Amino acid sequence: MANLQPVRGTHDLLPEDMRRHRAVIERARDTAALYGFAEMATPVFEFTEVFARTLGETSDVVTKEMYTFADKGGDSLTLRPEGTAGIARAVISNGLSQALPVKAFYNGPMFRHERPQKGRQRQFHQFGVELIGVPTPQADIEVLACARAILAAIGLAGRVTLEINTLGDTESRANYRTALVDYLSGHVDALSEDSRQRLERNPLRILDSKDPGDRQVVADAPALADHLTPAAADFFAAVRQGLEALDIPYEINPRLVRGLDYYGHTAFEFTTDALGAQGTVLAGGRYDGLIETMGGPSIPGVGWAAGVERLAMLIEDVPAAPRPLVLVPLGEAADKVALTLAETLRRAGHVVEQGYSGNLKKRLNRANRQNARAALILGDDELARGEATLRDLDSGEQTPLPLADPLPALAAYRPADR
RNA sequence: GCGGGUAUAGCUCAGUCGGUUAGAGCGCCUGGUUGUGGUCCAGGAGGUCGUCGGUUCGAAUCCGUCUACUCGCCCCA
């Protein structure tokens, strides 16, 4: 701890940041529940194998972005870089394959050792949804509709674009891969250095390259759409029809290829141009082979994850902090009355704050800074009469409040009634 | 992992050609008001000028270094 800076790429969520963060999560949570998803949580770290095997040994996330460390017993553990692998592991561990489908949503911190920049941190939060055990396009459609509804609830319906693509089934991808590699091999000289390496490891990713030279080559490359098996083509058509039936606008992006190896069939991203280079706000797809790859039964799945910080940056109607009632006791006798009065009011649902010290002026000043709705002044004069002075801080109006029965007069100041 | 930019008060930022006591606004504290907030007035606190080193009679200012932050690339939420 050379200084008191947080670790690079990590951030504190101060109360104001936290309200934005909470607003995103709460709306996502409420909406996901409407679609029949139930919240679950898995540990923030797993055996390294859980991620290494499923995400793809050659993927960037696995090769250079994982926080991996040795446990005292010598096991290799990794801070989760994403949520799906952990959920899939939990499905196997808990035998949930006996109770399909599993419809789960989750929220929590993820960790990737990347160079931080706008909208990208080393510890960040994802909200995600998984629908496991349904092989038909209904699942893809439901999961996309849920995503759309959540973004709408956050107020972003008009500010994001849905891009979708199909990666086809295993057979389609194998056919296409051969055709693509054949074509690209004839243009190796024109490819960027990165893409030359990708040609062997993961040629589909070249489709997504931003390198101008690559793009020229890719422009004339064979299309995945032309290599789909009839079953894969039908599947994608059904997904699109479902989106149209639900009036969910989308664009087909034939170059959309996800970075994790477990995806097949449907792949999608909701993007925005409001976040600089990090335009993706929510992304996912179908992962029919994932659970089997981990050593579980062959169970299909589809899901997505959203970046909570990215959504929090975009949200506009952030709920305000509740406006408290502030108690202002003046003197020792009043302190005692305030102690019990505060508790009485809180039990009745009021948000109650108390100045801890200072004279009347100082306390009112502080109450004002807390955006208090009203102050209850307890001085010797009031106490002698069995009253408090209720000062409405918006109007400045003052009225006596009977201490024996304070609740009726305060009813209008309860948070729910304002 | 690679490239660009930035670093002066709690925050946002000025700071001339290198010149001696480093400034503003906001915020904070005190007083004007011994029991009345917001507005106003007066005053006050708060700075190793990111680090280490160099050039110079003299460095916030010029050069190098390291660190941090930031934007972009790769990649991704």
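Chain naming here is simple, since letters A, B, ... match the order of the sequence lines and numbering starts at 1 in each. Only a predicted model underlies this, so the values are computations on that prediction, with no experimental measurement involved.
- As judged by a 4.0 angstrom heavy-atom cut-off over every strand, A/Ala305 is placed among residues touching the sugar-phosphate backbone only.
- OP1 or OP2 of B/rC71 has not a single side-chain nitrogen or oxygen of A/Gln117 nearer than 4.0 Å.
- Residue contacts for A/Asp394: at a heavy-atom cut-off of 4.0 Å it reaches a base atom on one of the strands shown.
- Contact of A/Gln370 with B/rG37 (side chain to base): no donor-acceptor pair of N or O atoms is detected under 3.5 Å.
- Distances from the side chain of A/Arg310 to the nucleotides B/rU36, B/rG35, B/rC76 place B/rC76 closest.
- Atom pair A/Arg385:CZ and B/rG35:P shows a separation of 15 Å (rounding to whole Å applied).
- Summary of the strand contacts: A/Gly9 and A/Asp392 both lie near RNA chain B, and taking for each the nucleotide with the nearest heavy atom, the more 5' one is attributed to A/Asp392.
- Within the nucleic acid shown, A/Asn359 has no heavy atom closer than 4.0 Å to any nucleic acid atom.
- Rounded to whole angstrom, the span from the CG atom of A/Asp12 across to the P atom of B/rC11 amounts to 14 Å.
- Here A/Arg115 does not reach the OP1 or OP2 of B/rC71: none of its side-chain N or O atoms lies under 4.0 Å away.
- In this structure B/rA24 sits in a base pair with B/rU12, meeting the Watson-Crick or G-U test at under 3.5 Å.
- Whole-Å rounding puts the A/Lys118 NZ to B/rC73 P distance at 13 Å.
- By the 4.5 Å heavy-atom criterion applied to side chains, A/Phe236 and A/Asp140 are not counted as neighbours.
- Taking all atoms of both residues into account, the shortest heavy-atom contact from A/Ala374 to A/Tyr413 is CB-CE2, 3.9 Å.
- Taking only side-chain nitrogens and oxygens, A/Lys362 comes nearer than 4.0 Å to OP1 or OP2 of B/rU30.
- Counting only heavy atoms from C-beta on, A/Asn365 has its side chain closest to B/rG38 among B/rC71, B/rG38, B/rG35.
- With a cut-off of 3.5 Å on both Watson-Crick or G-U wobble distances, the partner of B/rG58 is given as none.
- A close approach under 4.0 Å does occur between a side-chain nitrogen or oxygen of A/Arg369 and OP1 or OP2 of B/rC29.
- Pairing for B/rU36 is absent, with no Watson-Crick or G-U wobble pair whose two atom distances lie under 3.5 Å.
- Contact of the A/Arg363 side chain with the A/Val326 side chain is not registered, since no non-hydrogen atoms from C-beta on lie closer than 4.5 Å.
- At the heavy-atom level, A/Ile377 lies under 4.0 Å from base atoms of the strands shown.
- Side chain A/Arg120 to base B/rC71: no donor-acceptor pair is found below 3.5 Å.
- When distances run from any side-chain atom of A/Phe124 to the nucleotides B/rA77, B/rG37, B/rG35, the shortest one goes to B/rA77.
- Here B/rU36 presents its P atom at 12 Å from CG of A/Asp381, a figure rounded to the nearest Å.
- Among all heavy-atom pairs drawn from A/Asn165 and A/Arg255, the shortest one is ND2-N, 4.4 Å.
- When heavy atoms are screened at a 4.0 angstrom cut-off, A/Leu393 is found touching base atoms of the nucleic acid.
- The side chain of A/Arg8 contributes an N or O atom lying less than 4.0 Å from OP1 or OP2 of B/rA68.
- For the pair A/Thr389 and A/His125, nearest-nucleotide mapping onto RNA chain B gives the more 5' position to A/Thr389.
- With A/Phe105 as reference, A/Phe127 is the one residue of A/Phe127, A/Trp304, A/Phe37 to meet the ring-ring contact (aromatic ring centres under 6.0 Å, His included) rule.
- Using the six-membered ring where Trp is involved, A/His113 and A/Tyr67 have ring planes that are tilted, between 30° and 60° apart.
- Across all strands, A/Glu269 comes closer than 4.0 Å to no nucleic acid atom at all (heavy-atom distances).
- Under the Watson-Crick and G-U wobble criteria, each requiring two contacts below 3.5 Å, nucleotide B/rU30 is paired to B/rA42.
- Residue A/Gly119 is classed as a base contact, given a heavy-atom separation below 4.0 Å to a base.
- Judged by atom type and distance alone, A/Asn368 does not reach the base of B/rG38 through any side-chain donor-acceptor pair under 3.5 Å.
- With both ends at atom P, the span from B/rU61 to B/rU16 equals 11 Å, rounded to whole Å.
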Chi angles and distances behind the salt bridge (charged side-chain N to carboxylate O under 4.0 Å, His left out) call for A/Arg240, A/Glu244: CA-CA 6 Å; A/Arg240 296 193 323 257; A/Glu244 279 152 27; 5.3 Å; no
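- For B/rC52, the paired base is B/rG64 (Watson-Crick or G-U wobble, both distances below 3.5 Å).
- When heavy atoms are screened at a 4.0 angstrom cut-off, A/Gln398 is found touching base atoms of the nucleic acid.
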